[in-house]
Amino acid sequence: MTQLRTRQSSALDQFFRITERGSTLGREVRGGITTFVAMSYIVLLNPLILGASADITGAKLTIAEITTATALAAGVMTVLMGLVGNAPLALAAGLGVNGVVAFQMAPTMTWAQAFGLVVLEGLCIVVMAVSGVRERIINAIPAPLKIAITVGIGLYIALVGLVSAGFVTRTPDAAGSTVPVRMGVDGHLSGWPIVVFCLGLLLMIVLLARGVPGAVLISIVVATVVAIAVNSLFTVKGWGLVTPSLPSSVVGSPDFGLFGRIDLFGGFVSAGVIAATIFLFTLVLSGFFDAMGTITSVADEAGLSHDGRVEGMGKILMVDGAGAIAGGVTGSAPNTVFLESAAGVGEGARTGLASVVTGGLFLVALLFTPLATVVPAQAAAPALVVIGGLMMTQIRRIPWQDTDFTIPVFLTVAIIPFTYSITNGIGAGLVSYVVLRICKGRWPGWLMTGLALMFAVYFGVDLISGH
């Protein structure tokens, strides 16, 4: 028996190159568990985002089927990253880009058509990774505009969280109204749901500041327990889509109702060719750049980056692109590499074995989907606010003193949350940047000019259709 375990350990060591990378079996397992704890909140949070919107027919997705899809895609793709990419990188439904699917795409097409565009996004990323086009686009778009997109999405996610919790509400259209949004229902905060949200937000902030592993998940669980207790002791209204109460059972059968429900090209009919193309471009752009930044930073921390090049980058990018495809097929939104993978690296993870462990835990989570149906928006929304804040920290890297970028960056950052549209923000930033460069006698390049013209047509069509 001892010899068998030794041979198995040796086989794992050789396959994942554990010793070669200065790690141990124990560190890889511990790192994999840590990464799962740090990012498992997505199993609770993704249903909150996708479940909050309806498609063009008015259909909504159920919490159970989104939870199953989220855990399934994350589990399969993270295991695949470990086996193919041999990197301690975990994948799951991307925050920000899932908001594009829920709040921008779904209202203009059916869910099947929206997930079909997600599959097309993944195919585009895979093709670009193989052909080298990915690097050309990355080099064409200036870094400040890429950062601005991340910052704008951060503000957008935070606003979605505040609205979901009821902390911010829309002012009813009426004469004399001076603001489009307000705090609480009538300009004041009231009710137990808001108390739960505030407690969860404060707890999450404190735990993150103290560097507690799994801070986001811990806060969501604690806030949910408080919500269940409050709801059982008092008559509470205003929870929203989910009223917190104990489930009849903790373990349940996964709901694979969304699996395979895709319509690849129907979105071009429902939303229109130009709008659907812009949606596809937005998905590609968001997943494209977020993944590149995350992969580079985590790989560098893990010691897998040499002379500015990440070891096995080609395979890693292929799996990342396949993650978007899996997100569409399962109905969980595009899957991409999570920055929380750094938590596992901090615990010593250096190889794909850690990812196999993380993915395995996500697959086990498929059996506990009933737990997701008891989490109210007020318990999960703090994660959106906090993650949005963390994404905002990138703003320090923007060269505000450069007049080529000052206004384009501002428009990108401001218009994304103000219009509830990532597409609008990216378009405004690119168009204004290209116009500025041309007016200053500096050619922005054919690729940037082409992208700007595409967005100009998009805005122009909306303008013309309004008359």
Side-chain angles (χ1 to χ4, degrees), residues 96-97 99-100 103-105 108 117 120-121 124-125 127-128 131-156 267-268 271-293 334 394-395 397-467:
V97 71
V100 176
F103 303 113
Q104 301 301 314
M105 295 168 57
T108 67
L117 282 182
L120 291 179
E121 175 219 344
C124 288
I125 291 179
V127 171
M128 286 189 291
S131 64
V133 173
R134 190 168 193 173
E135 284 72 18
R136 291 183 59 189
I137 295 179
I138 289 175
N139 293 333
I141 299 179
L145 289 182
K146 300 173 192 174
I147 298 170
I149 294 170
T150 299
V151 173
I153 291 175
L155 280 173
Y156 175 55
F268 291 91
V273 174
I274 294 178
T277 301
I278 298 298
F279 286 141
L280 182 58
F281 171 73
T282 302
L283 290 176
V284 172
L285 193 67
S286 298
F288 191 91
F289 294 118
D290 284 351
M292 285 296 294
Q394 296 295 320
I395 202 169
R397 298 168 51 201
I398 295 175
W400 291 103
Q401 72 283 358
D402 190 335
T403 57
D404 282 359
F405 297 110
T406 305
I407 298 303
V409 163
F410 168 74
L411 289 175
T412 302
V413 172
I415 289 178
I416 287 176
F418 289 169
T419 65
Y420 248 54
S421 172
I422 296 173
T423 305
N424 291 345
I426 294 175
L430 286 177
V431 171
S432 59
Y433 171 75
V434 169
V435 170
L436 269 175
R437 294 283 290 185
I438 292 176
C439 289
K440 293 174 71 173
R442 301 175 185 174
W443 178 242
W446 286 108
L447 184 53
M448 281 294 293
T449 302
L451 294 176
L453 287 173
M454 183 172 66
F455 275 112
V457 170
Y458 168 71
F459 290 128
V461 168
D462 284 349
L463 179 65
I464 293 171
S465 64
H467 291 279

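Since the model is a prediction, treat every value here as computed from it, not as a measurement.
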Checklist line | Enclosure of Phe410 CZ (heavy-atom neighbours >12, cutoff 6.0 Å) | finding: no
Note to self: Strictly by salt bridge (Lys or Arg N to Asp or Glu O under 4.0 Å), give each pair with a member in residues 443-453 just once, sequence neighbours left out.
What the structure shows: none
Check: Taking side chain as C-beta onward, heavy atoms only, is Leu145 less than 4.5 Å from Val409?
Finding: yes
Next item on the list: Working to the nearest 0.5 Å, report the span between CD1 of Ile415 and OH of Tyr156.
Entry: 14.5 Å
Checklist line | Under the side-chain contact (heavy atoms from CB on, under 4.5 Å) test, residues paired with Leu436 that sit two or more places apart | finding: Pro408
Notebook entry, point to check: How long is the span from the CG atom in Leu411 to the CD1 atom in Ile426, to the nearest 0.5 Å?
Noted result: 13.5 Å
Next item on the list: Measure the CG-OH distance between Leu451 and Tyr433 for me, rounded to the nearest 0.5 Å.
Entry: 12.0 Å
Notebook entry, point to check: In Å, rounded to the nearest 0.5 Å, how long is the span from CG of Leu117 to CZ of Phe281?
Noted result: 14.5 Å
Notebook entry, point to check: By side-chain contact (heavy atoms from CB on, under 4.5 Å), which residues pair with Val127, not counting sequence neighbours?
Noted result: none
Check: Is the shortest heavy-atom distance from the side chain of Phe405 to the side chain of Ile147 under 4.5 Å?
Finding: no
Notebook entry, point to check: Shortest non-hydrogen contact from Val434 to Ala452?
Noted result: CG2-CB, 3.6 Å
Next item on the list: Sorted by first residue and then second, give each salt bridge (Lys or Arg N to Asp or Glu O under 4.0 Å) pair with at least one member in residues 410-421; sequence neighbours left out.
Entry: none
Item checked: With sequence neighbours excluded, residues passing side-chain contact (heavy atoms from CB on, under 4.5 Å) with Val97 -> Leu283, Ser286, Pro334
Item checked: Close side-chain approach of Thr449 to Trp443, heavy-atom, < 4.5 Å -> yes
Next item on the list: Please report the shortest heavy-atom distance between Pro417 and Gly152, naming the atom on each side.
Entry: CD-O, 4.0 Å
Note to self: With a 4.5 Å cut-off on side-chain heavy atoms, are Val413 and Leu155 touching?
What the structure shows: yes
Note to self: Ala271: which residues meet the side-chain contact (heavy atoms from CB on, under 4.5 Å) condition with it, sequence neighbours left out?
What the structure shows: Thr108, Met109, Ala275, Phe279
Next item on the list: Can you sort out the partners of Asp404 under salt bridge (charged side-chain N to carboxylate O under 4.0 Å, His left out), two or more places apart, ordered by chain and number?
Entry: Arg437, Lys440, Arg442
Notebook entry, point to check: Out of Leu280, Ile274, Val273, which one pairs with Thr277 under the side-chain contact (heavy atoms from CB on, under 4.5 Å) rule?
Noted result: Val273
Check: In Å, rounded to the nearest 0.5 Å, how long is the span from OG1 of Thr412 to CD1 of Ile398?
Finding: 8.5 Å
